[in-house]
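Naming convention: chains lettered A, B, ... in sequence-line order (proteins, then strands); numbering from 1 in each chain.
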There are 2 protein chains.
Amino acid sequence: MNTLSYGLLSLLAQSSFSGYDLMLRIQPFWPAKHSQIYPLLAKLEKEDYISCELVPQRDKPDKKVYSLTAKGKEALKAWFDQPAAEPALRDEMMLKVFCLSYAKNESARNMLAGRLAYHEERHQTYELKLAQLREKPEWPEEGLPSPKHPLFGAYLLTRKAIMTNEANRAWCEWALSLLPEEH
Amino acid sequence: MNTLSYGLLSLLAQSSFSGYDLMLRIQPFWPAKHSQIYPLLAKLEKEDYISCELVPQRDKPDKKVYSLTAKGKEALKAWFDQPAAEPALRDEMMLKVFCLSYAKNESARNMLAGRLAYHEERHQTYELKLAQLREKPEWPEEGLPSPKHPLFGAYLLTRKAIMTNEANRAWCEWALSLLPEEH
DNA sequence: CAGCTATATGTCTATATTTACATATATAAA
DNA sequence: TTTATATATGTAAATATAGACATATAGCTG
């Protein structure tokens, strides 16, 4: 049981999902390709952490919908009280910033402008995500979801994404302001 | 030539370092163990991107000091203008937040308080790093390092670390404020 | 109609990364 | 004196992750 396995169980704690859905949904928190997800799901099902139901579809290819089992819930709860590993960020751009004084001014500006655009696009995505959360039938009529509300975690994570993204966007703007504009 | 290789070259663009030093210095930007660094350095030296000098020491074990070669500088410059991969964050705690409604209130508070403490410790580290930068003989007497100054990149990265860290620290405080305190 | 994208699942291979095994010196603490 | 930590370098094996290969349906575009 590695971290990605627990991540998949975490998502299934919310509701049942297909492997394809799980692959899409886990990206923001633990990037992984489908080639890593599918074999893991098969292993988790074999070991009875999750169960699987084949769902035929008309418009789209049939899918396998996975659900958390009692054993899976137990594993999740036990995992929760274990200390979590430190966050690991790998960002090629930060390595390039190290030797920014080596680069042409134009290259440096392009790189930072590209990252700024990335953060602006991300902001839109996260705001949309928030709006989608608020439109869900489970969303409380007044105020925010409480800690025991099933949407509480997703709400916290979306807010976290927005806050971190905004800090990084602001950094890009500040860094760009230090580089001379060329006309 | 993978991303970690370019990261090592980036650090060596600043000044010469031992493998051990490189391993320590690259951690905040591209986590890697020495068992990954040492073989890569041997490969980079073999392929003439870096050169190596054995430096005997009295107090400590002898070390190998690596420097960037002309070929290494060329490789760095060519790398700079290529598009960078998107940043990848892997954070076990975020996966746990997903199923926070499953957890005991005490567990949830402990987890977030632990992360808050982590960010407060990180803040101290980054402020110290800033102070150390300002104490360097190369640091400009007035104002900030300019884009062509060798310390420019390190300064930008330290500021980035401080800004992101502060956003995440604030998120922890906000999230904790949503969880009931138990007495 | 050919080619592209999204949905959907899978395998195989290559690469990246971690963990464990190894060794050596100096210093500080128990 | 044993034990731990920091410095310093390396290898071998296990695991995690990415990239390529494979297949199938449906809708859209040129």
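- With the 3.5 Å cutoff on both pairing distances, Watson-Crick and G-U pairs in DNA chain C assemble into runs of at least 3 at C:1-30 with D:1-30.
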Nucleotides 9-12 of chain D: which of its N/O atoms have a protein N/O under 3.5 Å away?
unit_1: D:dT9; atom_1: OP1; unit_2: B:K64; atom_2: N; d: 2.7
unit_1: D:dT9; atom_1: OP1; unit_2: B:K64; atom_2: O; d: 3.4
unit_1: D:dT9; atom_1: OP2; unit_2: B:Y20; atom_2: N; d: 2.7
unit_1: D:dT9; atom_1: OP2; unit_2: B:Y38; atom_2: OH; d: 3.2
unit_1: D:dT9; atom_1: O4; unit_2: B:H34; atom_2: NE2; d: 3.4
unit_1: D:dG10; atom_1: OP1; unit_2: B:K64; atom_2: NZ; d: 2.1
unit_1: D:dG10; atom_1: N7; unit_2: B:H34; atom_2: NE2; d: 3.4
unit_1: D:dG10; atom_1: O6; unit_2: B:H34; atom_2: NE2; d: 2.7

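- Rounding to whole angstrom units, CZ of residue B:F29 and C1' of C:dT17 are separated by 20 Å.
- Between the side chains of A:H123 and A:N165, no donor-acceptor pair is found at a separation under 3.5 Å.
- Scored by the salt bridge (charged side-chain N to carboxylate O under 4.0 Å, His left out) test, A:E166 finds A:R169 as partners (sequence neighbours excluded).
- Under the rule for a side-chain hydrogen bond (donor to acceptor under 3.5 Å, both in side chains), the partners of B:R159 that lie at least two apart in sequence or sit in another chain are B:Y155.
- Residue B:Q57 places no side-chain N or O under 4.0 Å from the OP1 or OP2 atom of D:dT7.
- Under the 3.5 Å distance criterion, with hydrogens and angles disregarded, a donor-acceptor pair is assigned to the side chains of B:E92 and A:W79.
- The backbone N or O of A:A103 sits less than 3.5 Å from a side-chain atom of B:K148, completing a donor-acceptor pair.
- Residue A:W30 has no polar side-chain atom (N or O) positioned under 4.0 Å from OP1 or OP2 of D:dA16.
- Taking atom NZ of residue B:K33 and atom P of nucleotide C:dT15, one finds them 23 Å apart after rounding to whole Å.
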*asked:* side chain to side chain contact (heavy atoms under 4.5 Å, CB included), that's the test. Do A:M1 and A:L44 meet it? Break it down for me.
replied: CA-CA 9 Å; A:M1 291 282 287; A:L44 289 171; 3.5 Å; yes

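- Judged by closest nucleotide on DNA chain C, A:L24 is the one of B:T3 and A:L24 placed further toward the 5' end.
- Atom P of nucleotide D:dA16 and atom CG of B:N2 are separated by 20 Å, given to the nearest angstrom.
- For the pair B:I37 CD1 and D:dA8 C1', the computed distance is 14 Å after rounding to whole Å.
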Identify all pairs in which a protein N or O lies below 3.5 Å from an N or O of nucleotides 26-29 of chain C, and state each distance.
unit_1: C:dA26; atom_1: O4'; unit_2: B:D59; atom_2: O; d: 3.0

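- Straight-line distance from the NZ atom of A:K43 to the P atom of D:dT17: 12 Å, rounded to whole Å.
- Atom-to-atom, CE of B:M1 to P of C:dA14 comes out at 22 Å; the value is rounded to the nearest Å.
- Applying the side chain to side chain contact (heavy atoms under 4.5 Å, CB included) rule to A:E106 yields the partners A:N110, A:E182; only residues at least two apart in sequence or on another chain are considered.
- For the 3.5 Å distance criterion, the side chains of A:D81 and B:S107 qualify, holding a donor opposite an acceptor.
- Here B:A32 lies in heavy-atom contact (under 4.0 Å) with sugar-phosphate atoms only.
- Neither side chain, A:E173 nor A:S177, offers a donor N or O lying under 3.5 Å from an acceptor on the other.
- In this structure, CG of A:L40 is placed 14 Å from C1' of C:dT11, rounded to the nearest angstrom.
- Dense packing is recorded around NZ of B:K71, with more than 12 heavy atoms of other residues, nucleotides or ligands lying under 6.0 Å away.
- Protein atom CD of A:Q27 is 13 Å distant from nucleotide atom P of C:dT7, rounded to whole Å.
- Surrounding NZ of B:K136 are at most 12 heavy atoms belonging to other residues, nucleotides or ligands under 6.0 Å away.
- Here A:R90 does not reach the OP1 or OP2 of C:dA16: none of its side-chain N or O atoms lies under 4.0 Å away.
- The existence of a salt bridge linking B:K64 and B:D21 is excluded, since no basic side-chain nitrogen approaches an acidic carboxylate oxygen closer than 4.0 Å.
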